[in-house]
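Side-chain atoms are counted along with the backbone in the values below, which use heavy atoms only and exclude waters and symmetry mates. Computed from a prediction, not measured in an experiment: that's the story for all the values here. Lettering follows sequence order; numbering is per chain, from 1.
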Amino acid sequence: MPLLAMGVVTLLAALWGGLLLLGLSLPTLRSSTAADHGALMTLGFLGTVISLERAVALRRSWGFAAPAAAGAGGVLMAAGAPSALGWSLLCLGSVVFLLIYAVVATIDPAPHVFAMAAGGLCWYVATVLWLGGWSIPRLVPWLAGFLVLTVLGERLELARVAVLTRPSLTAFITAATVFSGGLITTTASPGAVPAGIRIAGAGLVGLAAWGAKYDVARHTVRIAGVTRFMAVCLLTGYAWLATAGVVWLSLGDLSGSVTGYDAALHALFLGFVMSMIFGHAPVIVPAVLGVRLPYRPWFYAHLALLHVALLLRVLGGDAAGVRVLWQVGGVGTELAVLVFIAASALAVVRARTVRRVA
Amino acid sequence: MQDMAEGPLSVTNLLGEQDESAQLRELLRDVIDPELGVDVVSLGLIYEVAVNERRVAVTATTTTPACPLGEYIHDEIERVLLDSGAADQVSVTITYQPRWTPDLMSDATKRAFGW
């Protein structure tokens, strides 16, 4: 519980930073609150949650050092501690996270484990690059790599249920390799960044196409209740992953324009990753907190809000250049995250109440 | 007239009741993997159900050691067996020996997923 609490505190700080980046007139809290938005969201919050999930799965006490370090790094960063301290803790979290995968790989040396571990390696590389003096826009592809490869690795694992044929595995490995090759290219030299982004974008499109064709969600979306909800989150997420890939592919240099940067990152981190987080909450919350989170039909409300608000932000704001739509859409996506937390908490409380009465 | 299927000469009675372990395994069909919408028995995640008096020991697995569902499956197995009244004490062990493979799924489940 304390570990997840650190993640949530980091999330709230990240959301505040997001509102500042949207240009809203709010107290800045600290000079770096806005600038830290991306790192807090991807590594401070999601790094804590995902590594906590893995530590729970492995059931070895030392594994919890990963979410502890990531959570502490996020909280310290949000609180204004020296940035190097926060990033060093995030780096330490990634090292323990990789050790978890090393153990998992000895038990189950399968392609999906290596894909997820590659995601962990991206987390590590991102922190090392920052500590080496790189700016967030330069290392942001590696933050994307952490989350994309982690999620797709999980999907590859589940795809086995619906027959993982050699062509489907080959398609996955090809797309993941192209994506990873793009990330490496962005790091080779400043001049190679646009080419690297385009290669990574092609990989994202390939991974989205793989998901659309082979993900087990295509089957499970027919099963009512929580299973369908999770599948809908995944399938809509793939649409955003493909969108992000197209934007990366067409832009090349993500830092070239504010609107392009906004669309390239948020299609991926909000449309794909956050949608996946919404879908997996009914699994993650019971696993991590030991409480039941029964599915409720109203969960579709925050999912719909996320996607509609993001559409508004990307189409009305980034593509059409209407600032107020960009702001309304941006606030809407943040509201979706807050509604998600409130809806999940309400479902947990109501489940506990019902059980006590029973 | 008494229904032949339930009467003293019914097929069930002639063959004898399922052993306790198989009956408890059937109860575990109430434990559903939320992501796949399929019960853990059909997925082949239940390796063994051992019964001693009213104490039950279940050995189960998850599809991968990286899957966080272990605790959830553990708790649900306990809940289902205790709530059913079929057991007074339930212990659940999550193991990865042998590793789960999709071949362990039931034929009906494989067909449902397009095998």
Q: Which bit of A:L58 comes within less than 4.5 Å of chain B, counting heavy atoms only: side chain, backbone, both or neither?
A: backbone

Q: Which atom names give the shortest non-hydrogen contact between B:P34 and A:V283, and what distance separates them?
A: CG-CG2, 3.7 Å

Q: A side-chain contact here means heavy atoms from C-beta on lying under 4.5 Å apart; do B:I94 and A:R59 qualify?
A: yes

Q: Evaluate the criterion side chain to side chain contact (heavy atoms under 4.5 Å, CB included) for residue pair A:T227 and B:E35; output intermediate values, then yes/no.
A: CA-CA 5 Å; A:T227 306; B:E35 176 113 42; over 6 Å; no

Q: Pick whichever of B:M105, B:R99, B:E71 has the most heavy-atom pairs under 4.5 Å with chain A.
A: B:R99

Q: For B:I32, is it the side chain, the backbone, both, or neither that has a heavy atom closer than 4.5 Å to a heavy atom of chain A?
A: neither

Q: What option among A:V113, A:L164, A:I107 has the most heavy-atom pairs under 4.5 Å with chain B?
A: A:I107

Q: With a 4.5 Å heavy-atom cut-off (strictly below), which parts of residues 106-115 of chain B touch chain A? List them by number.
A: B:A112, B:F113, B:G114, B:W115

Q: With the side chain counted from C-beta on, respond yes when A:R292 and B:R79 share a heavy-atom pair under 4.5 Å apart, and no when they do not.
A: yes

Q: Counting heavy-atom pairs under 4.5 Å with chain B, which one of A:D108, A:T220, A:I223 comes out on top?
A: A:D108

Q: Top residue by heavy-atom pair count (under 4.5 Å) with chain B, among A:A162, A:G153, A:A231, A:A217?
A: A:A162

Q: I would like to know whether A:V216 and B:L36 meet side chain to side chain contact (heavy atoms under 4.5 Å, CB included); could you show each step before the answer?
A: CA-CA 8 Å; A:V216 71; B:L36 296 171; 4.0 Å; yes

Q: Heavy atom to heavy atom, less than 4.5 Å: which residues from residues 38-46 of chain B reach chain A?
A: none

Q: Can you tell me which portion of A:R218 sits under 4.5 Å from chain B's heavy atoms? Options are side chain, backbone, both or neither.
A: neither

Q: Side chains of residues 62-69 of chain A: which donor-acceptor partners sit under 3.5 Å, not counting sequence neighbours?
A:
none

Q: Considering only heavy atoms, give the residues of residues 48-68 of chain B separated from chain A by less than 4.5 Å, sorted numerically, with 'none' for an empty result.
A: B:T63, B:T64, B:P65, B:A66, B:C67, B:P68

Q: If you count heavy-atom pairs under 4.5 Å between each of A:V226, A:V104, A:V161, A:V56 and chain B, which one has the most?
A: A:V161

Q: Is A:E53 in contact with chain B via its backbone, its side chain, both, or neither, using a 4.5 Å heavy-atom distance?
A: both

Q: Which distance, rounded to the nearest 0.5 Å, do you find between the OH of B:Y96 and the OG1 of A:T106?
A: 12.0 Å

